[in-house]
Student: 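Got a structure here, written out as structure tokens. Questions coming.
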Amino acid sequence: MSKIIRKPKLFIKIGNTKEFEISDKVSGAHFLTLKVGAPQSLTNYRTQVGIDGSQQLGDFTFGPLPISADFYLEATDHYDYRLACGGLYDAIFSRGLIRIRDDLEPGKCALVYAKPFEQTKLNYAESTFTVEFEAPSGFRQSVVRSDDDPVNLRDDVQWGQSFPLDGEPPKYRFKSNAFSVYNPSSVAIEPLEKLHDLNVLLKVAGQPVLRNITNGSKVTITKQLNSSQTLLLQGPKAFVDSVPIGSKCTGDVWLSKGINEFEVTGCTLINSIIFSFPFLYH
């Protein structure tokens with residue numbers, strides 16, 4: 001019985017364009033492996049004379065995450081090789097972040113910039129090289145967002161994402177004044193302190209107070225809302241139908257790792273509450 005040899009795949013998405021596999025875009029480009037570096041811990045120590053050791057100032061944070069991809073490039077002649085190199089540069093260099101993921105962990109992606117690299121020529125039409133990427137956020141993230149279709153949440157996550165793969169996926173859309181939000185990420189989701197991506201959308205009547213009972217974070221809205229309006233919370237900022245409401249919003253909510261118990265008060269009607277965020281992973 002012959003052994004099936006797996007051909008590694010690297011998927012790239014640039015902006016709002018359709019995702020592509022690198023070998024489909026660049027003829028002769030063979031992706032070999034993706035290497036994800038360790039979290040880049042950043043410290044800010046203070047040392048005092050006469051005191052042993054040092055003290056960390058502020059929270060422990062993470063710097064840009066290094067990721068590298070190994071390639072083998074083959075062509076038929078000098079001209080074909082030049083064309084392949086040009087196609088490769090077009091595929092991985094962009095003025096904005098590009099999204100990359102491989103077929104070993106298809107449920108996780110990284111938003112990255114490509115760094116300059118050198119090729120090792122094997123002959124006139126073949127080379128090997130490693131492309132180094134950098135994810136400024138410091139994390140990889142889920143391909144899906146929490147508020148995506150439940151079918152996507154079930155089909156587009158994998159082992160290693162701390163997500164229940166049996167039964168119904170956790171819910172992120174609610175119509176009651178008490179509910180729980182599951183954060184499967186490696187870290188807490190903190191839109192104010194760490195600038196993490198977290199949108200909370202509410203269609204309610206009243207002056208809502210949204211409280212995370214698990215960690216004590218809270219948002220208070222003193223503007224009277226009707227249920228046809230959409231309130232968007234982004235950290236300490238709030239918008240009603242895209243218009244900022246400034247000081248009529250105080251506080252912010254964030255998500256601890258795992259299950260977060262929430263309550264909403266001050267409302268006479270709750271049409272919908274949606275938590276939308278990508279899951280973050282080391």
Student: Establish whether Tyr72 and Phe117 are linked, either directly or via other cluster members, by ILVMFWY side-chain heavy-atom contacts under 4.5 Å.
Tutor: no

Student: Check for a donor-acceptor pair, side chain of Asn123 on one end and backbone N or O of Ser127 on the other, with a separation under 3.5 Å.
Tutor: no

Student: When you compare the side chain of Ile98 with that of Val112, does any pair of heavy atoms fall below 4.5 Å?
Tutor: yes

Student: Classify the ring geometry between Phe163 and Tyr182 as parallel (under 30°), tilted (30 to 60°) or perpendicular (over 60°).
Tutor: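 The rings of Phe163 and Tyr182 sit tilted, inter-plane angle from 30° to 60°.
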
Student: When you check the gap from the basic side-chain N to the acidic O, do Asp197 and Arg145 get nearer than 4.0 Å?
Tutor: yes

Student: Kindly check if the number of other-residue, nucleotide or ligand heavy atoms within 6.0 Å of CD (Glu118) is above 12?
Tutor: no

Student: Measure the spacing between OG of Ser276 and CG of Leu201 and express it to the nearest 0.5 Å.
Tutor: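 One gets 7.0 Å once the value is rounded to the nearest 0.5 Å.
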
Student: Taking C-beta and beyond as the side chain, do Lys237 and Phe239 meet within less than 4.5 Å on heavy atoms?
Tutor: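 When only atoms from C-beta onward are counted, Phe239 and Lys237 do touch, with a gap below 4.5 Å.
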
Student: Give the intermediate values and the outcome of side-chain contact (heavy atoms from CB on, under 4.5 Å) for residues Ile22 and Ile12.
Tutor: CA-CA 7 Å; Ile22 188 66; Ile12 298 177; 4.0 Å; yes

Student: Exactly one of Arg101, Lys13, Lys25 should register a salt bridge (Lys or Arg N to Asp or Glu O under 4.0 Å) with Glu19. Which one does?
Tutor: Arg101

Student: Please check: side-chain N/O of Lys115 versus main-chain N/O of Glu132, any donor-acceptor pairing under 3.5 Å?
Tutor: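 Checked: no pair found.
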
Student: Check this for me, if you would: do Lys9 and Asp102 make a salt bridge, where the nitrogen-to-carboxylate-oxygen distance has to be below 4.0 angstrom?
Tutor: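 Asp102 and Lys9: not salt-bridged.
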
Student: Count I, L, V, M, F, W, Y as connected when their side-chain heavy atoms are under 4.5 Å apart, and connections chain through other members. Are Ile273 and Leu269 then in the same cluster?
Tutor: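 No.
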
Student: Are any non-hydrogen side-chain atoms of Val209 and Val219 less than 4.5 angstrom apart?
Tutor: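 When only atoms from C-beta onward are counted, Val219 and Val209 do not touch, as no gap falls below 4.5 Å.
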
Student: What's the verdict on side-chain contact (heavy atoms from CB on, under 4.5 Å) for Ile270 and Phe174, showing C-alpha distance, side-chain angles and the deciding distance?
Tutor: CA-CA 9 Å; Ile270 297 177; Phe174 313 97; over 6 Å; no

Student: What about Leu232 and Leu225, same hydrophobic cluster or not, with Ile/Leu/Val/Met/Phe/Trp/Tyr joined at side-chain heavy-atom distances under 4.5 Å?
Tutor: no

Student: Using a 3.5 Å distance criterion without hydrogens, assess whether the side chain of Asp103 forms a donor-acceptor pair with backbone atoms of Leu10.
Tutor: no

Student: Taking Asn226 for its side chain and Ala205 for its backbone only, find out whether a donor-acceptor pair lies under 3.5 Å.
Tutor: no

Student: Any donor and acceptor pair, going by atom type alone, linking the side chain of Arg173 with main-chain N or O of Asp147 inside 3.5 Å?
Tutor: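 Flag set: sc Arg173 to bb Asp147 pair under 3.5 Å.
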
Student: Look at atom NZ of Lys171 and say whether more than 12 heavy atoms of other residues, nucleotides or ligands are closer to it than 6.0 Å.
Tutor: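 No, not enclosed.
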
Student: Among side-chain atoms of Asp70 and Thr33, is any donor-acceptor pair under 3.5 angstrom?
Tutor: no

Student: Could you give the distance from OG (Ser227) to CG (Asn271), rounded to the nearest 0.5 Å?
Tutor: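 Output value for this atom pair is 4.5 Å.
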
Student: What heavy-atom pair brings Val143 and Arg99 nearest, and what distance separates the two atoms?
Tutor: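 Distance-wise, the nearest heavy atoms are CG1-NH1, 3.8 Å.
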
Student: Which atoms form the tightest heavy-atom contact between Ser272 and Val204, and what is the distance?
Tutor: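 Minimum heavy-atom contact is O-CG1, 4.5 Å.
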
Student: Charged N to carboxylate O below 4.0 Å: is that the case for Glu126 and Lys121?
Tutor: no

Student: Are Tyr81 and Tyr124 close enough that their ring centres sit under 6.0 Å apart?
Tutor: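 Tyr81 vs Tyr124: aromatic centres not under 6.0 Å.
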
Student: Can a donor-acceptor pair be found, under 3.5 Å and without considering hydrogens, that links the side chain of Ser217 to the backbone of Trp254?
Tutor: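 Answer holds: yes.
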
Student: Spell out, as yes or no, whether a donor-acceptor pair under 3.5 Å connects the side chain of Tyr281 to the backbone of Gln161.
Tutor: yes

Student: Using every non-hydrogen atom in the two residues, find where Ser27 and Ala84 come nearest and quote the distance to one decimal.
Tutor: O-CB, 3.7 Å

Student: Of all the heavy-atom pairs spanning Pro278 and Ile189, show the shortest one and how long it is.
Tutor: O-CD1, 4.3 Å

Student: Do Tyr113 and Phe133 pass the ring-ring contact (aromatic ring centres under 6.0 Å, His included) test, and can you show the C-alpha distance, the side-chain angles, and the key distance before you say yes or no?
Tutor: CA-CA 6 Å; Tyr113 292 111; Phe133 298 98; over 10 Å; no

Student: With rounding to the nearest 0.5 angstrom, report the CD to NZ distance, Glu263 to Lys218.
Tutor: 9.5 Å

Student: Any side-chain to backbone donor/acceptor pair from His196 onto Pro191? Under 3.5 Å, distance only.
Tutor: no

Student: Does Phe279 have its ring centroid less than 6.0 Å away from the ring centroid of Phe277?
Tutor: yes

Student: Taking the side chain as every heavy atom from C-beta outward, state whether Leu97 and Pro136 have any pair of such atoms under 4.5 Å apart.
Tutor: yes

Student: Could you pull out the closest heavy-atom pair between Ser23 and Lys7, with the gap in Å?
Tutor: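 What the structure gives for the nearest pair is OG-NZ, 3.8 Å.
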
Student: So, Gln40 side chain and Pro64 main chain: donor-acceptor pair closer than 3.5 Å or not?
Tutor: no

Student: Please round to the nearest 0.5 Å and tell me the distance separating atom CG of Leu198 and atom CG of Leu192.
Tutor: 11.5 Å

Student: Among side-chain atoms of Lys203 and Thr230, is any donor-acceptor pair under 3.5 angstrom?
Tutor: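 The criterion, which ignores hydrogens and geometry beyond distance, is satisfied for Thr230 and Lys203.
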
Student: For side-chain contact (heavy atoms from CB on, under 4.5 Å), just list the numbers for Leu233 and Ile221, CA-CA rounded to whole Å, side-chain angles, deciding distance to a tenth of an Å, and then say yes or no.
Tutor: CA-CA 10 Å; Leu233 302 176; Ile221 304 297; 4.1 Å; yes

Student: Starting from the C-alpha separation in whole Å, work towards a yes-or-no answer on side chain to side chain donor-acceptor pair (under 3.5 Å) for Thr214 and Asn260.
Tutor: CA-CA 5 Å; Thr214 300; Asn260 293 258; 4.8 Å; no

Student: Is a side-chain donor or acceptor of Ser186 paired with a backbone partner of His282 at a separation under 3.5 angstrom?
Tutor: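 Looks like yes, one N/O pair under 3.5 Å.
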
Student: Do the non-hydrogen side-chain atoms of His30 and Pro8 ever get within less than 4.5 Å of each other?
Tutor: no

Student: Look up atom CG in Asp90 and atom SG in Cys85, then write down how far apart they are to the nearest 0.5 Å.
Tutor: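 SG of Cys85 is found 11.0 Å from CG of Asp90.
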
Student: Quick one: are the ring centres of Tyr172 and Phe275 less than 6.0 Å apart?
Tutor: no

Student: At their closest point, which heavy atom of Ala188 faces which heavy atom of Ser256, and how far apart are they?
Tutor: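 For Ala188 and Ser256, the tightest heavy-atom pair comes out as CB-CA, 4.2 Å.
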
Student: Can you tell if the side chain of Leu73 reaches within under 4.5 Å of the side chain of Gln119, non-hydrogen atoms only?
Tutor: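 Yes, their side chains come closer than 4.5 Å.
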
Student: Starting from the C-alpha separation in whole Å, work towards a yes-or-no answer on side chain to side chain donor-acceptor pair (under 3.5 Å) for Thr222 and Lys248.
Tutor: CA-CA 5 Å; Thr222 55; Lys248 292 186 178 181; over 6 Å; no

Student: Mind checking the CD-CD spacing from Gln224 to Gln207? Nearest 0.5 Å is all I need.
Tutor: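 Answer rounded to 0.5 Å: 5.0 Å.
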
Student: Got Leu65 and Glu134 here, is their nearest side-chain heavy-atom distance under 4.5 Å?
Tutor: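 The answer is no; the side chains never approach within 4.5 Å.
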
Student: With heavy-atom distances below 4.5 Å as the criterion, would you say the side chains of Val131 and Phe129 are in contact?
Tutor: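 In contact.
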
